[in-house]
Asker: 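Before we start, here is the structure in question, set down as structure tokens.
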2 protein chains.
Amino acid sequence: MVLPRAARTQRRTRIQEEKEELILEAALDVFATHGFRGSTIDQIAEVAGMSKPNLLYYFRTKEAMHRALIDRVLDNWLDPLREFDAEGSPVTEIRSYIRRKLEMARDFPRESRLFANEILQGAPHIEDELKGPLKSLVDEKAEVIRSWAKSGKIAKCDPYHLIFAIWSTTQHYADFDVQVRGVLGEEHSGEGRFEDAARFLEQLFVSGLEIRNGGA
Amino acid sequence: MVLPRAARTQRRTRIQEEKEELILEAALDVFATHGFRGSTIDQIAEVAGMSKPNLLYYFRTKEAMHRALIDRVLDNWLDPLREFDAEGSPVTEIRSYIRRKLEMARDFPRESRLFANEILQGAPHIEDELKGPLKSLVDEKAEVIRSWAKSGKIAKCDPYHLIFAIWSTTQHYADFDVQVRGVLGEEHSGEGRFEDAARFLEQLFVSGLEIRNGGA
DNA sequence: GTAATGTTTTACCAACCGGTCAAATTATCA
DNA sequence: TGATAATTTGACCGGTTGGTAAAACATTAC
């Protein structure tokens, strides 16, 4: 049989599992650094250590590879926000959300860059996800934050822009890594920068959202 | 004479000025949305409304166009940070730095995306600028912030990460515009979102950097 | 006006791109 | 083992890419 993968309905082989894994790993490397249009199948094939037709045996088109990658990564990417707990203490929740996002920036920078590239270039492949599942999740969590503000647990603030601020500050360390290292210089480009960032951001957001006595 | 522009040492004609302007404008459009590798000369030529060879008469290669664009935009991009004044009041300076950066995100989103694409993809064309002029400027301003913290005018914090936080939160509204609009929904995607963002970010940074009475 | 220079276009090229095909090779399992 | 299905490969295709050559056309300087 030479039916392409998408047409096969039955169980997947061991080889299929392994090779698809291998390909997506290589594709993540390439798509994350060059964006969809800037990436070539040959390049992914080379990174994956297989021939181009072989790669196309598992994913029929470049778009199919990208799609599969997005689908697999998006869920994990949103996990930290899902864990955001309405019942917890606001300060603790925000603090640990920041921490989790920073850990992801440190441990999965390619995944972050994959989305950054995609969104930067107008999100042509994930617009539906943005306006659907992502928006819903954010709406839900924004409501939680709003209720915290209303009941006087944190300062009044726009919950959406708070979430944007946490996203941008944390993902900055993955997406703009080259710039961060360039500015900090060789001597401060060890993993310690993530600790420094965590300290700074926790201070900024926690005391920035505290209710002040004489505040307006 | 058919000598390419780079070899011409003398005065530039009116046509040259106009056409180079036109080309760079089109190139900004294209490079900002697709990144260097994802952009094609044909595409830029089409946006500029001229033929490809005509375009290549003014800029001999795709890289030359990109280079010229980066050089022209980088300076303006750093202006807000340069205006950051050591003699001013910390709160005022930080507040107006945020405001200026947000205005640039609103008024010059393509310029922001041009750099975002470049840095995301490893800054292959501007690494020198990052480690040279940019680093120097940031070092200088970081020293100012450090002195403010030392003399008790603002809370103690890592000045580099403060600058990163201001960059990321403000540029987010240019670079991730599609996501911001997707999440906010049609009804909140007017220009008002920049006002909301300004209000939120000023509150966050100003009260986040205030000296607290009972603070650690 | 006309000669020199500056600008634009048409036609083109070699390399690369995403993708196909058929044949060769390897794994699976009765 | 051998038949059958799964995997891999080399050769190839039409379209696109960055870039060139040379001639046609426009502008300027005298």
Side-chain angles (χ1 to χ4, degrees), chain A residues 1-27 29-31 33-69 121 124-125, chain B residues 1-27 29-31 33-69 121 124-125:
Chain A
M1 268 266 231
V2 288
L3 274 185
R5 200 186 94 57
R8 274 181 258 127
T9 51
Q10 300 302 10
R11 202 131 49 99
R12 295 159 70 219
T13 329
R14 173 185 49 87
I15 294 183
Q16 270 172 45
E17 306 245 19
E18 285 174 11
K19 289 293 162 90
E20 285 176 15
E21 184 68 28
L22 192 68
I23 291 168
L24 290 181
E25 172 69 20
D29 249 47
V30 177
F31 283 135
T33 30
H34 299 293
F36 182 75
R37 288 185 39 162
S39 303
T40 70
I41 301 184
D42 294 88
Q43 210 180 344
I44 297 169
E46 197 193 325
V47 173
M50 47 172 59
S51 67
K52 179 168 63 170
N54 195 182
L55 192 148
L56 286 164
Y57 170 73
Y58 292 99
F59 297 93
R60 286 191 306 186
T61 64
K62 189 179 160 186
E63 295 213 346
M65 284 181 36
H66 193 250
R67 178 80 267 157
L69 200 52
Q121 307 186 1
H125 305 96
Chain B
M1 268 268 232
V2 289
L3 273 184
R5 199 186 95 56
R8 274 180 257 126
T9 52
Q10 298 304 9
R11 205 133 46 100
R12 296 157 71 219
T13 45
R14 174 186 49 87
I15 294 183
Q16 272 172 44
E17 307 246 18
E18 286 174 12
K19 290 294 162 90
E20 285 176 15
E21 186 67 27
L22 193 68
I23 292 168
L24 290 181
E25 173 70 19
D29 248 48
V30 177
F31 283 135
T33 29
H34 299 293
F36 182 76
R37 288 187 38 162
S39 302
T40 70
I41 300 184
D42 294 86
Q43 211 180 343
I44 297 170
E46 198 193 326
V47 173
M50 47 172 62
S51 68
K52 179 168 62 168
N54 195 183
L55 192 148
L56 286 164
Y57 170 75
Y58 293 99
F59 297 93
R60 287 192 304 187
T61 64
K62 189 179 162 187
E63 295 214 347
M65 285 181 36
H66 193 251
R67 177 79 267 160
L69 199 52
Q121 307 187 359
H125 305 97

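Quick note on labels: first sequence line is chain A, next is B, and so on, each numbered from 1.
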Asker: Quickly work out the F59(B) CZ to dT8(C) P distance and round it to whole Å.
Answerer: 13 Å
Asker: Would one find a side-chain N or O of Y57(B) under 4.0 angstrom from OP1 or OP2 of dT7(C)?
Answerer: yes
Asker: Restricting to non-hydrogen atoms, name the atom on Q121(B) and the atom on F36(B) that form the minimum distance, rounded to 0.1 Å.
Answerer: OE1-N, 4.4 Å
Asker: The criterion is side chain to side chain contact (heavy atoms under 4.5 Å, CB included); which residues satisfy it with D42(A), sequence neighbours excluded?
Answerer: T40(A), K52(A)
Asker: Is the phosphate of dT7(D) approached by Q16(A) (side-chain N or O, under 4.0 Å from OP1 or OP2)?
Answerer: yes
Asker: Any chance CD of E46(B) has more than 12 other-residue heavy atoms, nucleotides or ligands included, within less than 6.0 Å?
Answerer: no
Asker: For L56(B) and dC13(C), what is the distance between atoms CG and P respectively, to the nearest whole Å?
Answerer: 18 Å
Asker: Report the residue (K19(B) or R37(B)) whose heavy-atom-nearest nucleotide on DNA chain C is the more 5′ of the two.
Answerer: K19(B)
Asker: Please tell me if Y58(B) has a side-chain N or O lying less than 4.0 Å from either OP1 or OP2 of dT8(C).
Answerer: yes
Asker: Which of the following nucleotides, dT8(D), dG19(D), dT7(C), is nearest to the side chain of K62(B)?
Answerer: dG19(D)
Asker: Is any side-chain heavy atom of K19(B) less than 4.5 Å from a side-chain heavy atom of M50(B)?
Answerer: yes
Asker: Within this structure, what is the CZ-CE distance for the pair F31(B) and M65(B), rounded to the nearest 0.5 Å?
Answerer: 4.5 Å
Asker: Rounded to the nearest Å, what distance is computed from the CG atom of residue L55(A) to the P atom of nucleotide dT7(D)?
Answerer: 14 Å
Asker: Please check: side-chain N/O of K62(B) versus main-chain N/O of S39(B), any donor-acceptor pairing under 3.5 Å?
Answerer: yes
Asker: Using whole Å, report how far CD of E20(B) lies from P of dT7(C).
Answerer: 9 Å
Asker: In Å, rounded to the nearest 0.5 Å, how long is the span from CD1 of I44(A) to CG of L56(A)?
Answerer: 9.5 Å
Asker: Let me know the distance between CD of E18(A) and P of dA27(C), rounded to the nearest Å.
Answerer: 11 Å
Asker: What is the distance, rounded to the nearest whole Å, between atom NE2 of H34(B) and atom C1' of dT17(D)?
Answerer: 15 Å
Asker: Short of 4.0 Å, heavy atom to strand atom, which residues of residues 39-54 of chain B count as contacting DNA chain C?
Answerer: S51(B), P53(B), N54(B)
